[in-house]
Structure formats: C-alpha cells, structure tokens
Amino acid sequence: MVCPESNADSFWGYRHALPLFGKKATFPPLGLLTVAAMIPSRHSVTLVDMNVRRLAAADVQRADVVFVSAMTVHRESFREVVALCNDLGVPVVAGGPYPSTCYRDIEGVDHFIVNEAEETLASFLRDFEEGSAKSLYCAQDAPELSSTPAPRYDLIDVSDYLNLALQFTRGCPYDCDFCEITAMFGRRIRAKADAQFLAELEVVYRTGYRGTIFIVDDNFIGSPGRSASVLQAIANWQQQRAYPFSFMTQVSVDLGTRDELMDLMKEANFSLVFVGLESPFDESLRLTRKHQNLRADMLCSVRLMQAKGLVVMGGFIVGFDTDPPAIFDMQIEFITSAAIPIAMAGMLVATRGTPLHSRLEQEGRLTGDFSGDPILLMEPNFVPRMPLDVLQKGYARIIDELYAPDSYYGRCLELLARLPKVPINRRDPSSLAKTRRRAFVIRAFLRLAFSAGGLQFLRYIRAAAKINPANLPVSFLFALQGRHFMRLRREFLRRHASRPR
Ligand code: SF4
C-alpha cells in the first residue's frame, strides 16, 4: 500500500513546523490503514507513506499488487507512483477521493476501487486471485460502518506522526454546494457503534502513542444524538486511563448553540475544532447553501466554543459569485474579531461531483479541473464573477495580513484571553512540561527565538504567560504552528509577486 506525497505547500502538511516537532508527517494515511485491515490475513501487507519515506523500486518489485489511495493534494505524486508501478510491471489498484471522482481521466491504473471499499474489496481480491479482476469496482451503496475494521496501526511507526487519526462517522446532513463530502458519503450520517469506536481507541492506546487524535469525520456532530452517546463513552474511557489522548475534529457551526455537546466534548478531552465558517457575507452563505451558518450569529457561536475551552480553527472561502469588492476586508475583520489564529482561507474551487461544479459547467464557466490544495491556490478552476486580478490581489492580501507575525500572534493572545483559565487539555498529553519533552521544548524555543521573527515570538510568549499561564503549553504550540503559516505566507507572496501580470 502506498500513500503518495502531499503537495509541498499544503496548509495541513505543516512542512515548516514538523522539524520543530521532530515529526515526519502530520497525519497517518487512515484510509489505507483501514483498507489494509479488510484484507484477509493470508495476504501479507506492507505500507509505505511517502510523506515519511521514499518509495523504492524494491518496495514495488516485492509486491504482487500495489494499492494507492489519493486525494487531490496527492495528484502529482500519485502519477509518479503509477508510472513506477507501470515501469516495473506491477499491477496498480487505485482508490480514495481523487481516483473515485476522476477515474475516467486517470491512465496507467489497472483496477479502480471507486467510492467506499467495504463492499467491493472482497470481490476484487477474489477476482484478482482468480486472474479475472475487472478494471472497475464501483460501490453503489453507502455501507454501514458496523463491519468496518479498526485501522492497522501496526503497519506504521506511530512516532513518525504529529497526530494519529480515527473515524467515527461518514456523511453530513448539510448540503453546501461546493462540498464533495455529501457527493462522496451522502447526507445520512453513518456512525460506528460506541463500543466499536472504543475498541479503535484501544488499538491506538496499545501502540504506546499518547497525544492528539484527529477524529476525521467531516461533521462530528452531524447526528448530535450519536455524538453525545459516543462522547459519554469516550469520557468514561479516558477517565479510567487518566486521559491519554486529547482530540480534535471537524464540526458545523451549530456546535456553539449545543451547550450539552460542548460540555461532553470537554469531558472527553476535546481541545480543538475545525469549523467551516466560509464567509461573513450572508448573501454568499445563502448562495452556497450554507444555511446552517445563517441560523445563528457565527461570531457569537465561535466565542461560545472558545469560552468552553475549544480552540476554533476556521475554513474561509473567497470567490463566490455574490462576493462584494469589500469581501477581503470583511474576511480579515471577521477572522480577527473571532480570534481564530489558524484560518484556512482559500479561493472557491469547483470539485467534480458537487452541485457547484454542475452549475458552473451548465453556465459554461469551468476552465479546468481543480488539482491540489485550495489553500494558497491563485487560479480558481472557473471564470469568477469578480475580475480575476481583483480576486487574486484581494486573496493575496488576506494571506499577507493574516499571517504577518504581529497579526497572527495578536489573534493567539486574544484567543488565550477568551479560553478558560484552566488547561484546555485535562491532562495535557501534548504537555510541553513533560520531562521527556523538555529537550524538545528547549530546542524548539531556541530555534523560534533565534530565527526571523524571534523578537515577536519572545514578546508573544511573555504576554501569553501573563494572560493565561494555565495554557502556556498550548501558547507555545500556537507559536510552533505559526512558524509554518508565516513561512508559507512568505513563499506565497514571493510567488505571487513574481507572477506575470
Ligand atoms: S457542513 Fe461541511 S461537510 Fe457538511 S456539507 Fe457543508 S461543507 Fe460539507
């Protein structure tokens, strides 16, 4: 099994911060680890994550068949893996979001497993063993997750990763027009049983890993009742083991109006949520069918989450047809008032299979396929209503202003002032005070203090210690993450400045 390398500039990739953490990649390839667990034990499986190490020809030559799973951020590397397998004459099976949406245009792949693999993998394996495998295995229905096995964490070295990952649900009840999640997983929430999820926590626990687990659900609170039930179970499990993990996940903004769920999340030791806020401009939210963001005041919802001790990361988009010329200032102002240090601001892109893609296709406005990471992308794959150069300049200004050191640290300090005066992690598993991490802290501190922006960092950490001493470890983590975004900003602006006008 091969996980291709992510686009070097990916926001989530933390390329500029990983060396400070002493890690090689941000998240493990959960999809492949899960598919690996579905393969009967008579087959031997090995996994190469190219974000951790190089794929050698010998890895491919040793295999009867190579499975590659890819998202669009892996596109370039995916092509290289397929080409290598073709050169070496080893059959390639491709699955995951990118092959599932674009398989008609992908060359060199022998077999596609399109959509979720639970239903089709067994037929493929049987046919492959009999020498009669077809080129396409396409799941028609969304499977229940009750039979989904726990991921094969034994296939990787967990110490290579900054965070580990698990999944509780698939699907999202909402219908945002740019989102491929509902096209891929549907609007019905399919959840694992509480006991099944706890068994997966045990699998991770037995690896010896202690730290943050990303629950990768696209909307963890898509079924509030199921979320409440599993949160209670996680809280009990965590308490019995003295809180070995903290959690982060993705939620819709209505979490801010669900007091009980937020309390349960804190009981279970959740510390960070990613929220698709998208736009402070109501007309654009309406156009993109993000109605849930119009039901309550978004700023107020974010503050309620922060007051509970949840750090909010936000997704933001510019380039909607209804966006006014002032949208760039509106976004900057909103993100600053909301005290969101890590704001994933990107241009709107139309992904295949989404209602947005169909609409733009009908209107004859598509200019190509979206490839890569929508963050830091300067070319939408459609003709925007706003003149392209205005959109590009405005977007570049958002990145420039948000990730200038003073602006980034300013949002961190405001957030720290809003968080409760108790540690946001119950027994902060990523606690920088832990003895075994002391050397890492000293090294990272010195690197931040003696690199560009060192003075701003020192001023920030002093202010953070005064504002909210209970959360000094997390203040330091913000600084480490900030280094990645500040460097991305520098590279992005340099690239943008050298673009032909
Ligand atoms: S709430 Fe998020 S996951 Fe759900 S449809 Fe909208 S963008 Fe997609």
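Because only heavy atoms are used, hydrogens play no part in the values below, and waters and symmetry mates are left out as well, while side chains stay in. Read the numbers this way: they start at 1 and go in the same order the structure lists the ligands and their atoms.
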>> Keeping to distances under 2.8 Å, can you name the protein N/O/S atoms close to atom 8 (Fe) of ligand 1?
In response: Cys179 SG
> In this structure, which one of Tyr161, Phe485, Phe21 forms a ring-ring contact (aromatic ring centres under 6.0 Å, His included) with Tyr14?
Replying inline: Phe485
> Which residue owns the protein heavy atom closest to atom 1 (S) of ligand 1, what's the atom, and how far is it?
Replying inline: Gln292 NE2, 3.3 Å
> Applying the side chain to side chain contact (heavy atoms under 4.5 Å, CB included) test to Asp160, which of Leu18, Val52, Asn51, Asp49 qualifies?
Replying inline: Val52
> What is the nearest protein non-hydrogen atom to atom 7 (S) of ligand 1, stated with its residue, atom name and distance?
Replying inline: Lys290 NZ, 3.4 Å
> Are any non-hydrogen side-chain atoms of Asn468 and Ser475 less than 4.5 angstrom apart?
Replying inline: no
>> I'd like to check Tyr205 versus Phe245 (side-chain heavy atoms, cut-off strictly below 4.5 Å). Are they in contact?
In response: yes
> Have Asp217 and Thr169 got a donor and an acceptor in their side chains that come within less than 3.5 Å?
Replying inline: yes
>> Is the terminal nitrogen or CZ of Arg397 (NZ for Lys, CZ for Arg) located under 6.0 angstrom from the six-membered ring centre of Phe492 and within 45° of that ring's axis?
In response: no
>> Under a 3.5 Å threshold, yes or no: a donor from one side chain and an acceptor from the other, between Ser246 and Asn269?
In response: no
